[in-house]
Every structure is written in structure tokens, then in C-alpha cells.
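The basis for the numbers below is simple: all heavy atoms, side chains too, and nothing from hydrogens, waters or symmetry mates.
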Protein chains: 2
Amino acid sequence: MTAENEIVVELLEDARKFSERHSTRDSLVRVLQVFKKNHSPKLWEIYEKTEEYLPSALGIVMAMEKGGFIEPENGFLKLTGKGKNLVDLVVPKAVDYRTMEDFRFGVKMPAELKRIEGEIRRISQELIMKDEFDQAPITADSVVLKAYHMISRGDIAGKSVVLLGDDDLMSIVLGLTSLPKEILVIDIDKDVAGIVEKYSKKLGIKVPMRAVVHDFRKPIPKNIRGKFDTFVTQPPDTVLGMLLFVSRGVELLKDEPGMVGYAGFTKTGCPQLGILDFWEKIVGMKLVISEVIPKFTVYPGIRTEIKEVEVPEFIDYPPKQFWYISDLIRLKTTKRSKSMFEGKTFEGDISDYRRDVLKYR
Amino acid sequence: MTAENEIVVELLEDARKFSERHSTRDSLVRVLQVFKKNHSPKLWEIYEKTEEYLPSALGIVMAMEKGGFIEPENGFLKLTGKGKNLVDLVVPKAVDYRTMEDFRFGVKMPAELKRIEGEIRRISQELIMKDEFDQAPITADSVVLKAYHMISRGDIAGKSVVLLGDDDLMSIVLGLTSLPKEILVIDIDKDVAGIVEKYSKKLGIKVPMRAVVHDFRKPIPKNIRGKFDTFVTQPPDTVLGMLLFVSRGVELLKDEPGMVGYAGFTKTGCPQLGILDFWEKIVGMKLVISEVIPKFTVYPGIRTEIKEVEVPEFIDYPPKQFWYISDLIRLKTTKRSKSMFEGKTFEGDISDYRRDVLKYR
């Protein structure tokens, strides 16, 4: 027990040096649980299976490399004999983590939606991702799955739906189902707005659809405030980014209880105290937390967040597999709900990932 | 539009008379969405598919009966011609609500757990449910599903697990998997404690298991405080009941970040502002909300909560189908977490459902 503790303490100290943050014994155990099952995972598998914060798990992996617990080989983090001993010492039993596939459970997608997925895949090739807008669309498969979930929660059919940002092309998916009463896309990027308008015509979508260009740091224009039943967003994964988009979403919803908002949120991209801050402010807006479904929405291999972290040589980079996955959050208004930036201009950077790294320690 | 509004306003006024609470247009639409798909649902189907609060949806159904929109027949709430017109007017499109089966998605339960389910079904017949303790075990199938979910989130293997209340016999399920490091059952009912101890021996469970009798209104005894990695509870569905059990759970967890608590919580059994109050206090304990999976844990047809509501003649009662379903909530501690009743005695009734009806309007 003492020997174990000594090794663990030393490893965590080293991890801290690399990640500039304190990793807990619990985090170490959760990382090592992945090694217990697969002696040579890639870094990306650790993120896919656990909820560890990016710098924290990376710090642990780097400390393991320095300590000779792993011997990286072509991006695989191969346990050494010393590493195997450590895993057996610290992790008594292997865990079959449920993966993202498992969480898409029971979703027997209607054939029509599968067809729409193909459409989205084609159209999305016309979009050029812009870093200045922190754009990063989720996979076509994820957009359709998210749409199906929202439909089957009764939040789309016959509803006025607003999309805060739409590089995912969710508006096209929803439009093609013919279910919403109307759809409004609000995006900072005129190219996104243009493609939405172009394809809503080209595909003969019958649902009334509009796309407007707007920067969410500015208040929602009066003529569209308080008009919608449902908002949907997949915002920047910073605490402020999330809060701003949810707050603007609430401004857009009708001022009555039971209106619904969907947001994607990624634990890997946010430190634990940042997630706590996020929930405190969500509840502060008097929103009810209706669902938090883990590992629901998948991003393609490359994600911008990794830029905030220096990736060592021995990591397989850029990743060729899915690893960055959002939880799907469903919020509901109460009669006391109030957005936190109501009518105010937001000052500050909404995609400052470094800020979260430093602020929430 | 005006004709529609008039009917809706009148219906909601009538509903209010029956339920002593204001139902929203949104609630009405969600109830009518069930009728759009199935012209003769039972009341229980409405609860199974929506998240409406018990008195609220019941009030709407009673107003529909009074208004001649439905003609009850053997417990089925059959739409009349007038009712069909209303549904077509208010609900433009049908919704295929995802049901509880859908939310148990992707769960390909290992054969061993299916075997354990049979064991639990047999043992549970020895338990006599006591109303004074607000006992109401979830189905054997739900206990095993919940166990499997916790296992595959990395929260059981090698962990010290504590169960706050165990008429569900979760301890036996976990014990039979041989995964936990140790299990402690705390229950107010000596019969529950007795059966757990009896079967842990009889079934040759190797995991160290203990069962103690304790009333959660009293502080957690010092010798077991701060000792566990994971707590699991399925508390009374009142706001205070939930909060007390979660708070005691936090007292039992080790005082470090990343420790995990699971609680079942039922939207049907709690008014919306009560759910908001619950989340405010959870976040106030500086807990991170990790998962809220809807419709996960099922109770047998009869539930005690219905006692607080007068059920009219035309409702099929007691229900013969599953309809009362808990969400599964996963909470995680941060370094700032603190239980809200730490060391304090709780004064008051934890199963006063009537209190929630009246308090949260």
C-alpha cells in the first residue's frame, strides 16, 4: 500500500509539471483502467472512453512516458513491464467502458433520416471551415442522430425552431423532415447562411426557412426575440462560449414555461470546476436540466481545442479516429427563466480555451 | 387561431380547477401529442411518454372528459369527434415519442447479469414493502440495468460502494458481480438489512458486505463518513427526500474530487419548480452534473405517489402497466463539494408529496 502510494504520488507530481494542473488519484485510476483493458491504447482512446479533461489526461500520459511505464510506438502507448505492474497494483479490475456507440443506444433510425444523412454529407463539402469563427461541424451521422432525438422528444414537430450557429446544417435535416412549423438559422458566417438558403430552395423544402447573419456577442434583434419553442446549438466548448449561446437561446424562446433548448457540451474540453461554473450559471438562469446524455455527438478526428495543448512527439497526431465527443444537454424553461446576457453586449473572447485552462484549477 | 385559442384557454382553466395548478399550453400540446398517435390511450401511457407532472396531466385529462373531448371506456380515454378536431387543431404533427425501451439503448446486457436478474426476482419476494418507509423497489430488470450502467462508467470495479436504502437489492447484484472492493448497505428497515446479510452469505458472495440500520434524517455516523468512492440511491421522489439522500451520500464519499453518486429522480412525481429547486441545491453542494439519462429506471405499475392525487372513476386503476419511470442522475464531486445537511439532523417529513404539490406552483 505504501509502495503503491509512493509511485502514485510521484506520477501525479510529474503529471502536474506537464499539465500545469493537479490531477487526482481518481483521474489516474480512470486513465489506467483503459490500459488495463488494452495494453497499447492511443491517447485518443483514453478520451473516447473516459471523461478526463484534455490537459489532465495528457499530463498523466507524459508522466507515464517519463517514468518508463509506457513505451510509445507509432502513436500506440505500449505498457512496459513496469507499467503492467503499476496497472495491476492500482487497478484491481478491468472495466468495459461503454463507448459512444453504446450511448447511441436503441436509436433505430428511420430510413428517411439515413437518406438525409447522405444529403448532409454531400452539402457539407461545400462549407469551408473558418478558424476565426471556431467552426467545427459534428459528423453528418451525429447531426441526424441529434435531430432524431429532438424529434422523438416532441420538440420539433409543429414547433418554431431556431438554430444558434449552423455549420452542422441541422436546419437542412429538420427542413427535410417537414416537421417544424418554421426554422430560423442565425450564424455569424454569411457563407453558412448562404448555403442554408441555397439548399432550402434547391431541395424544395416546404418548411418556411430563413437564415440571418448575426454575431451572438451582440444582443438578439428585437424582432426575433421571444418567438421560438425550441433552440438548438453546438457552441464553442469554453464556459463563456456555452453560456453566451445558451443565454441567447433563452432570449429567443417564448417567455413561457416548458420551452426547450439543446446544447452540446464536451467534458474533455472543459476543466471540472469550469463545468461546475457552467451548471451554476445555467441553474442561475432558472432553467431546468432535463437531460444530459453522455457521449452523444461526435466530432471528426481533428479538433481545434487540441491547439491549446502542446502535443508531444510520441502521440499519434492528428488523430485519425473519433475521440472528441459532446454530451447532449436538454434544458427547459420555467416561469422564472431569464437569460443572463439579456439585451446586453458580451465583451470578451468566447473561444479562449487557454482562459479556461488557467481559470479553473 | 382565435377559435383554437378560446378552446385552449377554457380547457386549461378547467384543468386548473381539477389540479389546483396552472397547466401551460405546452403541457396541453404534449398530452394531446399522445392522443394524436393513439386515439385511445390510457392515462398511464401519457405519463410513460411525456414528462408531465402527475396532477397537471391528470387535470388536463379531467378537463377533456368534462368538455366532451374524450369518452372513457374501460380505462381507455377514447377521443370523441370533438376531441379529434381539437387534436388536429392544436397538434399539427404526430410524434413518435421514444419510450423507456428506447432509452435502455444499446445495452447489450452480459449473460451473467441476466442470470443475476432472476436471482433478484426470487429474493425480492421475501421483502414485504412498508409504506411507513415509503418503500417502492424498482423492477429487477431496472436494478440490473442500473448496475450495468454504473459498472460500464468505471464506478464499481475496485471501488468502495455505499447504498443509501436498498429495498431494490442492488447490493446483491453488485456483490454477485464480484467487482466492488466492498459494499455497505444503509437502510432504515432492519428486514432489508437482514435479507441483504442473509443472502450475501447464502449466495457465497466474496465481496466484503455489511448492512447497517440507520435513519437518514440523522447524521451519518462518524466511523463510516468520508470512506466511499461511489454512492447509489433511489430515494423518495420529494424534493426534500432527494436532497437529503444525495446530501447524506456526499457525506459518505471520500473528500476528494471525482467521487460519484447515482440517484433516481422522477419528473412525473415532481412539479417543475420543484425540479428547479432540486437542481439549485445540487449545484449549491458544488456537485457536477455528469449525466441525466431520461426514462431509465422503471417502477412496477402501482406507485405510492398516486395516493396524493385523487384518481377519478374513469381511470384504469391500479395500473397494470409500467408508467412511473425515473431518470438516472450521475453526480461527481469537485474539490469544493460539501453536503448540505453535513452532520445535521433533518427535521421534517421526507415523503410529504402533498407539500411539493402545494409549494411549487
Counting only heavy atoms closer than 4.5 Å, note whether Leu273(B) contacts chain A via side chain, backbone, both or neither.
side chain

Contact class of Ser290(A) relative to chain B, heavy atoms under 4.5 angstrom
both

Considering residues at least two apart in sequence or located in another chain, which fulfil the salt bridge (Lys or Arg N to Asp or Glu O under 4.0 Å) criterion with Asp327(B)?
Lys267(B)

One option among Glu51(A), Glu256(A), Gln33(A), Met259(A) has the most heavy-atom pairs under 4.5 Å with chain B, and it is Glu51(A)

How long is the gap from NZ on Lys181(A) to NZ on Lys93(B), to the nearest 0.5 Å?
11.0 Å

For Tyr53(A), enumerate each residue passing the ring pair (Phe, Tyr, Trp, His ring centres under 6.0 Å) test, keeping only those at least two apart in sequence or located in another chain.
none

Heavy-atom distance under 4.5 Å to chain A: side chain of Thr24(B), backbone, both or neither?
side chain

Calculate, to the nearest 0.5 Å, the distance between atoms OG1 and CD belonging to Thr333(B) and Gln272(A) respectively.
6.5 Å

Under 4.5 Å, counting heavy-atom pairs only, tell me which of Val283(A), Val91(A), Ile275(A) racks up the most with chain B.
Val283(A)

Heavy-atom side-chain proximity of Arg330(B) to Pro294(A) below 4.5 angstrom
no

When heavy-atom pairs shorter than 4.5 Å are enumerated against chain B, which of Val29(A), Leu276(A), Ile282(A) gives the highest number?
Leu276(A)

Please say whether more than 12 non-hydrogen atoms of neighbouring residues, nucleotides or ligands are located less than 6.0 Å from CG in Asp255(A).
no

By a 4.5 Å heavy-atom criterion (distance strictly below it), what part of Ser27(B) contacts chain A: side chain, backbone, both, or neither?
neither

Less than 4.0 angstrom from a charged side-chain N to a carboxylate O is my criterion; do Asp229(A) and Arg25(B) meet it?
no

Does any backbone or side-chain atom of Val260(B) lie under 4.5 Å from a heavy atom of chain A? Answer side chain, backbone, both or neither.
side chain

Applying a strict 4.5 Å limit to non-hydrogen atoms, the region of Lys159(B) in contact with chain A is side chain

Kindly say whether Arg361(B) contributes a backbone atom to a donor-acceptor pair with the side chain of Lys335(A) at under 3.5 angstrom?
yes

Using a 4.5 angstrom heavy-atom cutoff, name the option from Thr334(A), Ile329(A), Ile289(A) with the most pairs to chain B.
Ile289(A)

